[in-house]
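Single-structure report; data block below.
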Amino acid sequence: MATGNDVREIFQLKASDQVKRVHKTERKPDGISRELYGLIGNNVSTVAFNNPTYKPKLNVSKKAVNWTWRPFVNPSRDDDLILHHWEKTRTDPNEEYRFYKFNKSINLISFSPEEYTSHLKDPDWTMEETSYLWDLCRRFDLRWVVIQDRYEWPPQEADRLALQYYNGNNLVITESDSNATKKEGEDTPMKDASAAASGSGEIPVKATLGADTPTTTGATTAATTPASESKPTTATASTSKAVVNITPAKTRSMEDLKHRYYAINRILTKIRMSDASQAVEKAQLLSSMAYDKNREIERKKNLEILNTRTPEQIEKRKKAPKGSVQADDSAPPTPTTATSGGNALKGSSSSNHRRPSNASDGPGGPSSASAALPPPVVKKEKLTPGAYLRSQKMTPVVSTKQQRVQSALVTLGLPFKPAMPTATVMAKWDQVQSNIVTLLDIKKQADKLESDLKVVKMRRGSLGSGSSGSSSALASAAAGGAGGSAGSASLGTNVDGNFGVKREGTGDESGTPGPVKKKKRKE
Amino acid sequence: MTSIKRMKGLSLARPIIYGNSATPLNGKKGGDADHTHRWTISVRGVNNEDISYFIRKVAFKLHDTYDNPNRVIEKPPFEVTETGWGEFDIIIKIHFNPISGEKPLTLYHHLKLHPYEEDGLGNPWPKQKPVTSYSYDEIVFNEPIDSFYAILQENTTSNVPLKKTPHHQFSLQAEQEEVERLDKALKTTAQEIVRYREKCKRLEAELATK
């Protein structure tokens with residue numbers, strides 16, 4: 001850019017006095033950062049101002065809605081509670097409460113004790129436990145996951161009140177009973193028991209066990225006998241075990257519970273629909289309650305196996321199509337095909353593989369008629385759908401190797417890509433390419449080995465004059481690359497004369513002898 | 001788009017021949033330095049068979065110095081004839097029958113106007129003989145949609161001619177020759193691989209003893 005001085009020079013004018021700079025930057029006032037001042041201060045540069053955009057004005061075309069504070073009733077409730085809430089004025093005040101329709105409950109068939117004793121007895125289940133199960137089903141809407149999680153039979157200390165109900169007894173269970181059933185000599189559980197007892201409004205009793213037992217045995221009769229049998233699972237053994245048969249808390253699986261539930265339902269349906277007119281309905285209901293416990297267990301096990309499949313196993317499945325039994329299959333084949341998810345998967349994969357073989361049979365027919373048409377290729381591997389040009393789909397070569405591959409092709413007398421890319425030609429082309437790549441790799445390896453060998457030979461040859469000990473020491477050093485000092489010492493003493501031999505390769509072969517040798521020489 | 005069903009595991013191929021032929025222009029029009037040759041670029045089937053059942057249109061993109069460099073040919077023969085002086089790359093975009101649901105395929109062809117020095121018999125290229133450059137290729141349809149597959153089945157392609165003739169550069173014979181060349185190369189490379197493997201083994205053994 002031409003400055004004023006340059007212009008004056010050109011025109012050969014005399015250099016004028018330096019004109020004082022008119023423009024003097026004002027000092028930036030304190031209290032505001034330099035950048036900020038540069039943007040909004042006195043001396044704003046003419047460029048950088050970006051007009052701040054505000055949010056556009058909110059355009060509300062709709063009119064405001066009116067809301068009113070209204071009372072409402074919830075039909076789901078059984079009391080007459082009236083609550084209030086805001087509702088749009090325009091809605092009908094008599095409209096049903098909008099969430100009422102979600103208050104659905106299931107209709108559980110319930111059994112009477114007589115039915116139970118006559119038909120529903122089961123060696124594994126007591127009536128109490130069955131009633132407990134029923135209650136859970138009702139409370140949790142037959143959601144088995146919740147039921148199974150909440151299931152606790154016989155109920156522990158916390159459920160003592162419930163337990164009273166299930167027992168059907170109206171015994172006032174006092175704290176003294178719980179003390180009696182505890183193991184002797186346990187102090188701490190008693191504290192818990194007393195805390196719980198006070199919570200439930202029972203009479204708290206004082207500390208020592210031994211002293212109380214005689215007094216308490218009078219109070220309840222049944223308490224003492226089962227006392228000795230009290231189970232130790234929780235320190236606070238509940239008393240009502242005194243009334244119920246003492247069994248350790250059973251862990252029931254979901255299949256167990258469902259099995260019992262459906263079995264009872266089936267039996268009840270059979271009993272209650274015993275007349276012929278309801279035969280169809282009965283059959284339908286019965287089929288809806290078909291539950292095979294073992295099959296369910298199998299099915300779930302299989303699903304779990306499927307779920308925990310590692311990616312390798314999935315790949316294995318993909319590659320080796322149906323029919324072939326996979327070696328890692330630990331799941332025994334499921335008994336029937338009806339409900340098992342695993343079989344659903346097997347079924348679909350087998351049907352997939354049947355289709356291509358059908359497809360190949362199809363075109364096989366007309367193609368033989370036309371003779372000229374190359375039969376469509378049936379590929380069992382994944383085919384990406386789409387159209388492509390055959391010559392464009394050559395397996396790509398690594399760009400670093402490309403040049404050598406090309407020179408190899410020239411040596412073989414082949415063009416860089418086939419002249420007539422038909423299917424067979426392209427297949428062979430791919431083979432040739434991979435062969436070339438393999439060949440180049442092996443050649444490289446051979447060359448490397450050869451050069452290594454040469455190096456070793458050279459070393460050995462040059463040290464042949466020295467003692468066998470030194471040469472072997474050197475050889476071991478060369479081979480192992482270890483013990484630099486030992487090597488150098490032997491070198492120094494025995495092989496002085498040979499330092500003149502240039503050993504370029506030795507340095508990199510085994511690092512230590514090289515530089516060590518050089519050091520020696522300098523000394 | 002669940003109504004479109006692809007034939008899983010199937011792939012079909014159709015051969016095409018594309019390229020150009022060029023003749024030098026003499027006479028009144030030929031005097032012009034800008035139009036030394038008349039050339040025709042084309043896409044056709046082998047034996048000039050019909051390919052319009054799966055090709056809907058072909059778009060040739062010529063050099064920008066031509067008017068309307070995008071020439072779209074919608075009915076057979078799919079070719080463009082022009083005059084000019086220079087060789088350039090032509091982009092050929094093949095649009096398939098819409099039933100196929102396939103995207104257009106792009107090919108490239110370098111327009112050849114000038115002959116090689118010799119015509120293969122040791123003689124210099126005769127001045128008036130047309131210069132040709134054609135390529136054979138096959139369009140592979142992987143997992144075609146079933147309605148398209150039906151169309152392809154109806155129109156079977158006639159086979160590539162048997163022998164090489166001056167008119168038919170691509171024939172079964174040519175393919176066979178190529179296969180033979182490749183086989184020979186395969187054998188050679190395989191032998192070399194074996195040889196070098198042996199060498200490697202030998203060298204490794206030797207190195208181990210040292």
Side-chain angles (χ1 to χ4, degrees), chain A residues 352-353 355-357 359-360 363 366-367 369-374 376-381 383-393 408-409 412-414 418-426 428-429 431-432 435-436 438-439 442-443 445-446 448-450 452-453 456-457 460 475 478-479, chain B residues 6-13 15-16 54 94 96 100-107 135-145 149 152-153 156-160 169-171 174-175 177-179 181-186 188-190 192-193 195-197 199-200 202-204 206-207 210:
Chain A
N352 265 342
H353 291 297
R355 268 189 58 219
S357 50
S360 67
S367 77
S370 66
L373 177 64
V377 174
V378 174
K379 286 203 169 74
K380 285 240 157 65
E381 314 109 41
L383 268 187
T384 36
Y388 65 92
L389 211 58
R390 221 191 270 283
S391 61
Q392 286 175 352
K393 280 274 177 89
L409 284 170
L412 288 165
L414 290 175
M420 219 173 129
T422 57
T424 38
V425 166
M426 289 309 280
K428 290 205 185 287
W429 182 264
Q431 280 180 328
V432 172
N435 269 10
I436 290 178
T438 323
L439 184 59
I442 294 189
K443 249 194 190 169
Q445 203 184 359
K448 185 166 171 285
L449 285 172
E450 217 173 310
D452 287 350
L453 201 60
V456 172
K457 274 198 181 136
R460 257 176 131 238
Chain B
R6 285 190 172 270
M7 316 279 300
K8 292 249 175 292
L10 274 191
S11 98
L12 279 191
I16 52 164
F54 66 95
I94 300 184
F96 297 111
S100 71
E102 304 290 355
K103 289 196 325 235
L105 198 58
T106 311
L107 293 71
S135 311
Y136 171 95
D137 220 318
E138 293 182 356
I139 303 184
V140 184
F141 298 101
N142 269 350
E143 299 199 348
I145 293 174
Y149 178 67
L152 287 174
Q153 284 294 87
T156 63
T157 168
S158 63
N159 209 359
V160 161
Q169 160 193 11
F170 303 107
S171 60
E175 184 192 350
E177 285 174 5
E178 180 119 50
V179 169
R181 269 204 302 264
L182 288 173
D183 276 335
K184 211 173 83 184
L186 268 179
T188 323
T189 50
E192 291 284 291
I193 287 177
R195 216 186 91 209
Y196 275 98
R197 280 226 172 99
K199 192 169 173 192
C200 271
R202 198 174 28 89
L203 289 171
E204 271 172 17
E206 226 181 302
L207 208 54
K210 292 281 184 291

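Chain letters run A, B, ... following the sequence lines, proteins first and then strands; every chain starts at 1.
- Most heavy-atom pairs under 4.5 Å with chain A: of the set B:T189, B:L186, B:I139, B:D183, this distinction falls to B:L186.
- If you measure heavy-atom distances from A:I442 to chain B, the contacts under 4.5 Å come from both the backbone and the side chain.
- Ranked by non-hydrogen atom pairs under 4.5 Å with chain B, the options A:T438, A:V432, A:L389, A:I436 are led by A:L389.
- Within the 4.5 angstrom heavy-atom criterion, only side-chain atoms of A:L412, from C-beta onward, approach chain B.
- Interatomic distance, NZ of A:K448 versus CG of B:L203, reported as 11.5 Å (0.5 Å rounding).
- Between B:E143 and B:R6 there is no salt bridge, since no side-chain N of the basic residue sits under 4.0 Å from a carboxylate O of the acidic one.
- Here the closest heavy-atom approach between residue B:R181 and residue A:G413 is recorded as CD-O, 4.2 Å.
- For the set B:E102, B:E178, B:K199, B:R197, the count of heavy-atom pairs under 4.5 angstrom toward chain A peaks at B:E178.
- At a 4.5 Å heavy-atom cutoff, the contact between B:L182 and chain A is made by backbone and side-chain atoms alike.
- Between A:N435 and B:A190, the shortest heavy-atom distance links the atoms ND2-N, 4.1 Å.
- Looking at A:K457, only its side chain comes within 4.5 Å of chain B, counting heavy atoms on both sides.
- For B:E175, the parts lying under 4.5 angstrom from a heavy atom of chain A are both the backbone and the side chain.
- Checked against salt bridge (charged side-chain N to carboxylate O under 4.0 Å, His left out), B:K184 has no partners two or more places apart in sequence or in another chain.
- Here the closest non-hydrogen pair linking B:S11 and B:N142 is CB-OD1, 2.9 Å.
- Within the 4.5 angstrom heavy-atom criterion, atoms from both the backbone and the side chain of B:E204 approach chain A.
- A search for ring pair (Phe, Tyr, Trp, His ring centres under 6.0 Å) contacts involving B:F141 returns B:F54, B:F96, B:F148, not counting sequence neighbours.
- Only the backbone of B:T106 comes within contact range of chain A, with at least one heavy atom under 4.5 Å from a heavy atom of that chain.
- The residue among B:I94, B:L207, B:V179 with the most heavy atom pairs within less than 4.5 Å of chain A is B:L207.
- Contact record, B:D137 with A:P421: OD1-CG, 3.6 Å, taken as the closest heavy-atom pair.
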